[in-house]
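There's a structure below that I have some questions on.
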Amino acid sequence: MEKEIDEKVQGQSLVLENKPENTKKLYIESYGCAMNFSDSEIVASILTNEGYNTTQILEEADLVLVNTCSIRDKAEQTVRKRLEKYNAVKRDINPKMKVGVLGCMAERLKEQFLEQEKIVDMVVGPDAYKDLPNLLAEIEDGRDAINVILSKEETYGDISPVRLNSNGVSAFVSITRGCDNMCTFCVVPFTRGRERSREPQSIMTEIQQLWDTGYKEITLLGQNVDSYLWYGGGLKKDFDKATEMQQATAVKFEQLLEMAAIGFPKMRIRFSTSNPQDMHEEVLHVIAKYPNICKHIHLPVQSGSNRILKEMNRLHTREEYMKLIDNIKSIIPNVCITQDMIAGFPTETEEDHQDTLSLMDYVKYSFGYMYSYSERPGTLAGRKMEDDVPEETKARRLQEIVDLQRIHSAFRTQEFLGQTVEVLVEKTSKKSENDLSGRNSQSITVVFPKEHYKIGDFVNVKITNCTSGTLIGEAVGYSEMN
């Protein structure tokens, strides 16, 4: 749950430029968080070198892959429906088609998919994508193929991802994999393994490649970016066993962020996701210091109740979180803070729910990702806690959270009225061909008349109107970032 789920892109099939010498066809769909979409780019890069071009026509594919998510039950049900569809095509139209499941769900349901239900030919966990050529050879020989071994070292730092479905303006750069925070509701530590960080120079090299090909914005990506720690390789939990030299020369997140900001002063830099107990004051000062680091912090809290936070094994209290919010706002005055929230966690009472609403009133988040609790098999909550909040109570509490967030979002967008903000143009507006759309530093969508501006431009826009989720304005010229 520690991740942003963009509902608009769920299930997108990915397309990249075809190599004329490649003869096989790959159809790949992604579900879940930004990490999964980033991983699909790595998979496409590996398979391009194995003779595959992507296709958007499912029926003609030699290989169909679905990159899966185990965060919510809804995502799993959607993937199951897609697997039924693939198998119908395989049975009725294209019997040579091979079907594979990638990612978090693959790791969790490996035996079920391959042996019990026999609905896939190949199961590949998040750390095993480099093994794809071997696994494909296995299924070509008529055998089921599986590799869900979680690695202590794999970061894919040596693979340049193919940029899929990209606007050519913004891209994800993965900096950590796995997570050590054993939140009781979350499957990530079990499906993606323990936390390890990617070598800093490989990150800088990837940003340089993106800059050289015209990208203007990157998002440093990880399940928990604030705990980034490079000391020569290895798991974060083993840092205390490192040599004195390794510890003295280790690179922490604030240093990596500063390296990127200084090295690429005209590149806009975002990051996601943060964890409250791992966000240190040094990071806040780096964000405040460099104008190219976006003033937006996604800071999941999940609940405003101390009792529920403890049940969730969140390693912070309500009061500590509020103190961190105060600190963020004092160091970065124009910051935007966004949230993840779960309604109806096991044992949640009406008083606990009111604590969540009062915390929201205290922070007044700009926007958020809000869910009702769904039990995930394999998690501590799934094993040890009864899902005892009635569905109708969950639905009502979630609706109250969503309604309050809508009020706060409107309050936050109204704060920009009359201000001039810097916008990186990402696309033409959905509602009008004559308008452009992009985001400001605070990650709020801004729409303004196109005039002579184009995608990829940094434009100063004076805000004249707003909705609860969008700023509307007029361009007043290019910004200094161009």
Side-chain angles (χ1 to χ4, degrees), residues 1-4 71-72 179-189 195 223-227 272-281 283-284 297-331 335-376 379-391 393-405 407-408:
M1 197 73 67
E2 291 283 284
K3 305 188 286 300
E4 299 180 32
I71 285 294
R72 287 182 288 163
C179 187
D180 287 351
N181 293 322
M182 303 296 284
C183 301
T184 57
F185 54 78
C186 187
V187 295
V188 166
E195 200 170 291
Q223 251 76 37
N224 185 9
V225 289
D226 295 271
S227 63
S272 185
T273 295
S274 294
N275 201 303
Q277 67 259 26
D278 295 305
M279 177 159 261
H280 306 298
E281 192 172 307
V283 173
L284 305 180
I297 296 174
H298 185 64
L299 198 63
V301 65
Q302 313 300 2
S303 173
S305 157
N306 275 335
R307 193 181 69 78
I308 294 296
L309 289 170
K310 193 171 182 182
E311 291 290 324
M312 290 176 164
N313 196 34
R314 303 289 286 173
L315 302 177
H316 60 84
T317 63
R318 169 193 175 93
E319 291 73 25
E320 286 166 341
Y321 185 87
M322 290 162 83
K323 186 178 178 185
L324 176 58
I325 293 290
D326 293 342
N327 215 12
I328 291 169
K329 288 181 177 178
S330 68
I331 294 169
V335 72
C336 154
I337 301 168
T338 56
Q339 48 89 345
D340 283 358
M341 208 71 77
I342 301 172
F345 190 77
T347 75
E348 185 185 73
T349 64
E350 206 56 39
E351 185 181 354
D352 295 323
H353 173 58
Q354 292 302 321
D355 283 347
T356 293
L357 297 179
S358 71
L359 179 73
M360 291 176 69
D361 274 326
Y362 184 84
V363 181
K364 293 185 174 61
Y365 297 100
S366 294
F367 54 91
Y369 299 89
M370 298 152 282
Y371 315 101
S372 61
Y373 174 75
S374 65
E375 187 179 287
R376 310 311 301 125
T379 62
L380 198 64
R383 294 199 305 271
K384 301 279 181 73
M385 299 177 191
E386 184 188 347
D387 187 1
D388 60 354
V389 180
E391 288 304 317
T393 305
K394 286 183 191 175
R396 172 185 56 80
R397 289 177 185 169
L398 177 62
Q399 192 57 53
E400 289 176 10
I401 288 169
V402 169
D403 290 344
L404 184 58
Q405 182 56 60
I407 292 167
H408 293 159

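Computed over heavy atoms, backbone and side chain alike; hydrogens, waters and symmetry mates excluded.
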So do Pro276 and Val301 actually touch side chain to side chain, heavy atoms under 4.5 Å? no

So, Thr338 and His298: side-chain donor and acceptor under 3.5 Å apart, yes or no? yes

Any chance you could measure Ile308, atom CD1, to Ile342, atom CD1, to the nearest 0.5 Å? 10.0 Å

Qualifying residues under side chain to side chain contact (heavy atoms under 4.5 Å, CB included), relative to Asp388, sequence neighbours excluded: Pro346, Thr347, Glu386

Please find the pair of heavy atoms, one from Ser274 and one from Asn224, that lie closest to each other, and give the distance. C-OD1, 4.3 Å

Compare every heavy atom of Leu359 with every heavy atom of Tyr365, then report the nearest pair and how far apart it is. OH-CD2, 4.1 Å

Hey, does Glu400 have a side-chain heavy atom less than 4.5 Å from the side chain of Asp403? no

Got Glu350 and Arg397 here, is their nearest side-chain heavy-atom distance under 4.5 Å? yes

Grab the two heavy atoms, one from Ile337 and one from Lys329, that are nearest each other, plus how far apart they are. CD1-CE, 4.1 Å

Atom of Asp226, atom of Asn275 and distance for their closest heavy-atom approach: OD2-N, 3.6 Å

Using the test side chain to side chain contact (heavy atoms under 4.5 Å, CB included), find all partners of Thr356 that sit at least two apart in sequence or belong to another chain. Ser303, Met341, Met360, Ile401

Salt bridge (charged side-chain N to carboxylate O under 4.0 Å, His left out) involving Asp326 - partner list, sequence neighbours excluded: none

Any heavy-atom pair between the side chains of Glu311 and Ser305 that's under 4.5 Å? no

Examine distances only and state if a side-chain atom of Asn327 and a backbone atom of Leu324 form a donor-acceptor pair shorter than 3.5 Å. no

Can you tell me how far the CG atom of Leu380 sits from the SG atom of Cys186, to the nearest 0.5 Å? 12.0 Å

Is any side-chain heavy atom of Met279 closer than 4.5 Å to one of Leu284? yes

Separation between CZ (Arg383) and OG1 (Thr184), nearest 0.5 Å, reads 10.5 Å

Find the distance between CD1 (Ile328) and SG (Cys336) and round it off to the nearest 0.5 Å. 11.0 Å

Mark yes or no for whether Tyr373, through its side chain, and Phe185, through its backbone, hold a donor-acceptor pair below 3.5 Å. no

Measure the spacing between OG of Ser272 and CD1 of Ile297 and express it to the nearest 0.5 Å. 11.0 Å

Which atom of Leu309 lies closest to which atom of Thr317, heavy atoms considered: CD1-C, 3.9 Å

Residue pairs meeting salt bridge (Lys or Arg N to Asp or Glu O under 4.0 Å), one or both in residues 315-324, sequence neighbours left out, come to none

Return the minimal non-hydrogen interatomic distance between Leu404 and Leu357, and the atom names on each side. CD2-O, 3.5 Å

Less than 4.5 Å apart, side chain to side chain, heavy atoms only: is that true for Thr393 and Glu348? no

Steps toward salt bridge (charged side-chain N to carboxylate O under 4.0 Å, His left out) verdict (Glu351, Arg307): CA-CA 10 Å; Glu351 185 181 354; Arg307 193 181 69 78; over 6 Å; no

Mind checking what makes salt bridge (charged side-chain N to carboxylate O under 4.0 Å, His left out) contact with Asp278, not counting sequence neighbours? none

For Asp180 and Glu195, indicate whether the former's side chain and the latter's backbone hold a donor-acceptor pair under 3.5 Å. yes

Approximate separation, where rounding is to 0.5 Å, of Gln302 CD and Arg314 CZ: 4.5 Å

Qualifying salt bridge (Lys or Arg N to Asp or Glu O under 4.0 Å) pairs with a residue from residues 355-364, counting only residues at least two apart or across chains: none

Would you mind reporting whether Lys394 and Asp387 have side-chain heavy atoms less than 4.5 Å apart? yes

